[in-house]
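Just so it is clear, the values below take in all heavy atoms, side chains as well, and ignore hydrogens, waters and symmetry mates.
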Amino acid sequence: MKAELLILGVLQGGDLHPYEIKRRLTAAHVDHYIDVDVGTLYYAVRSLARDGLIEAKGVEAVARGGERTTYGLTPAGRARFHALMAERLADVSPRYHPLYPALMFLHHADPDAVADALRQRLAVQRDYHRPLKALADYLAPVQSTGMRAILENGLAHLETENAWLAKLVETIEAGDIRPPDYDRARLMGLFPAGQPPLPPEYAQTPPPVPPPPAAKTRRPRAAKPANPPLS
């Protein structure tokens with residue numbers, strides 16, 4: 001459950017009802033840097049309660065005769081929070097960029113269309129960088145160390161990404177788009193013997209390797225004539 005650590009973390013500060021949990025996470029703009037749907041928090045709260053990680057602590061009256069249940073952590077929930085923290089901190093799973101599958105076949109695409117799409121993507125990301133930087137500067141005096149680290153990391157990644165995209169656009173506009181060199185790859189041993197053959201369009205025969213020069217043969221020396229006997 002993606003929201004599990006978020007809910008358990010918010011409840012570390014005290015008992016809250018689901019609406020207040022959602023309000024605090026929304027105020028922290030978690031949807032900008034965590035892949036989670038804040039709208040599913042109510043379902044997640046019920047699931048955590050069913051699993052014994054949180055429990056109802058009381059009921060609050062609201063307008064129009066409604067009620068809100070306040071939840072707090074159980075000992076199992078506190079233990080689960082620390083286990084999830086350790087799991088997240090140790091997670092080194094690879095992160096794949098959404099552009100990678102398309103870039104594999106860049107040499108088959110229309111360069112003008114690709115360059116135009118990447119320029120639009122770069123413009124959107126640059127527009128996003130400005131308010132994010134302003135938000136980081138504005139919140140700097142009051143935010144926690146962890147939140148400051150999140151914003152700094154997000155800004156660093158975005159700045160690197162924008163520089164990378166700008167360079168890629170320049171490369172495409174310059175016409176420097178090359179297909180893979182399968183002949184050279186074969187000579188480098190990237191397609192070792194025993195593997196299934198490549199499709200016909202890739203099955204290029206590498207140029208023959210010239211044989212080493214033949215060793216020079218030495219001509220045998222003629223035998224010297226025997227000295228005539230002395231008379």
Side-chain angles (χ1 to χ4, degrees), residues 1-102 121 124-125 127-161:
M1 184 193 309
K2 294 180 179 179
E4 185 178 7
L5 178 56
L6 298 178
I7 295 171
L8 296 177
V10 171
L11 290 178
Q12 289 288 326
D15 303 342
L16 299 168
H17 51 76
Y19 176 80
E20 181 62 19
I21 296 173
K22 178 181 178 181
R23 190 183 72 84
R24 294 191 182 192
L25 291 174
T26 302
H29 303 286
V30 295
D31 54 320
H32 289 279
Y33 48 84
I34 298 176
D35 183 17
V36 63
D37 181 4
V38 179
T40 64
L41 288 179
Y42 293 98
Y43 170 78
V45 166
R46 290 194 296 269
S47 297
L48 293 176
R50 185 177 60 247
D51 294 340
L53 299 178
I54 63 176
E55 61 184 359
K57 295 292 187 177
V59 177
E60 296 179 0
V62 295
R64 299 182 181 178
E67 294 180 340
R68 287 178 181 161
T69 302
T70 301
Y71 291 90
L73 294 170
T74 64
R78 294 187 185 279
R80 178 61 176 162
F81 167 77
H82 292 292
L84 288 173
M85 285 288 291
E87 180 183 309
R88 287 289 89 200
L89 294 173
D91 182 13
V92 291
S93 348
R95 302 292 187 261
Y96 300 104
H97 197 289
L99 288 183
Y100 289 168
R121 183 186 185 97
V124 170
Q125 293 186 178
D127 288 342
Y128 181 70
H129 178 272
R130 284 187 284 269
L132 185 62
K133 180 66 168 62
L135 178 65
D137 293 340
Y138 178 72
L139 295 179
V142 298
Q143 64 189 180
S144 66
T145 301
M147 287 301 301
R148 182 174 69 249
I150 289 173
L151 287 173
E152 288 174 348
N153 180 266
L155 285 168
H157 275 276
L158 194 53
E159 290 161 3
T160 301
E161 172 89 359

Minimum side-chain heavy-atom gap [X]-[Y] below 4.5 Å:
{"X": "S47", "Y": "R50", "value": "yes"}
{"X": "R80", "Y": "D51", "value": "no"}
{"X": "E161", "Y": "H157", "value": "no"}

At what distance, to the nearest 0.5 angstrom, does [atom1] of [X] lie from [atom2] of [Y]?
{"X": "F81", "Y": "L5", "atom1": "CZ", "atom2": "CG", "value": "6.0 Å"}
{"X": "L132", "Y": "L155", "atom1": "CG", "atom2": "CG", "value": "4.0 Å"}
{"X": "M85", "Y": "L8", "atom1": "CE", "atom2": "CG", "value": "11.5 Å"}
{"X": "H17", "Y": "R23", "atom1": "NE2", "atom2": "CZ", "value": "8.5 Å"}
{"X": "R46", "Y": "L41", "atom1": "CZ", "atom2": "CG", "value": "11.0 Å"}
{"X": "R24", "Y": "L16", "atom1": "CZ", "atom2": "CG", "value": "4.5 Å"}

Could you go through the side-chain contact (heavy atoms from CB on, under 4.5 Å) check for I150 and Q143 one step at a time?
-> CA-CA 11 Å; I150 289 173; Q143 64 189 180; over 6 Å; no
Given side-chain contact (heavy atoms from CB on, under 4.5 Å), test E87 with D91 step by step and report yes or no.
-> CA-CA 6 Å; E87 180 183 309; D91 182 13; 5.9 Å; no
So, the side chain of [X] versus the backbone of [Y]: is there a donor-acceptor pair under 3.5 Å, distance only?
{"X": "T40", "Y": "Y43", "result": "no"}
{"X": "T74", "Y": "G52", "result": "yes"}
{"X": "R95", "Y": "S93", "result": "yes"}

K57 atom NZ, over 12 foreign heavy atoms within 6.0 Å =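 Yes.
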Please check if atom OH in Y138 has more than 12 non-hydrogen atoms from other residues, nucleotides or ligands closer than 6.0 Å.
->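 Atom OH in Y138 is not crowded, with 12 or fewer foreign heavy atoms closer than 6.0 Å.
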Of all heavy-atom pairs between [X] and [Y], which one has the smallest distance, and what is that distance?
{"X": "A56", "Y": "Y71", "answer": "N-CD2, 3.8 Å"}
{"X": "A136", "Y": "L151", "answer": "CA-CD1, 3.8 Å"}
{"X": "Y128", "Y": "L158", "answer": "CD2-CD2, 3.6 Å"}

Hey, is R68 close enough to E20 for a salt bridge, meaning N to O under 4.0 Å?
->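 E20 and R68: not salt-bridged.
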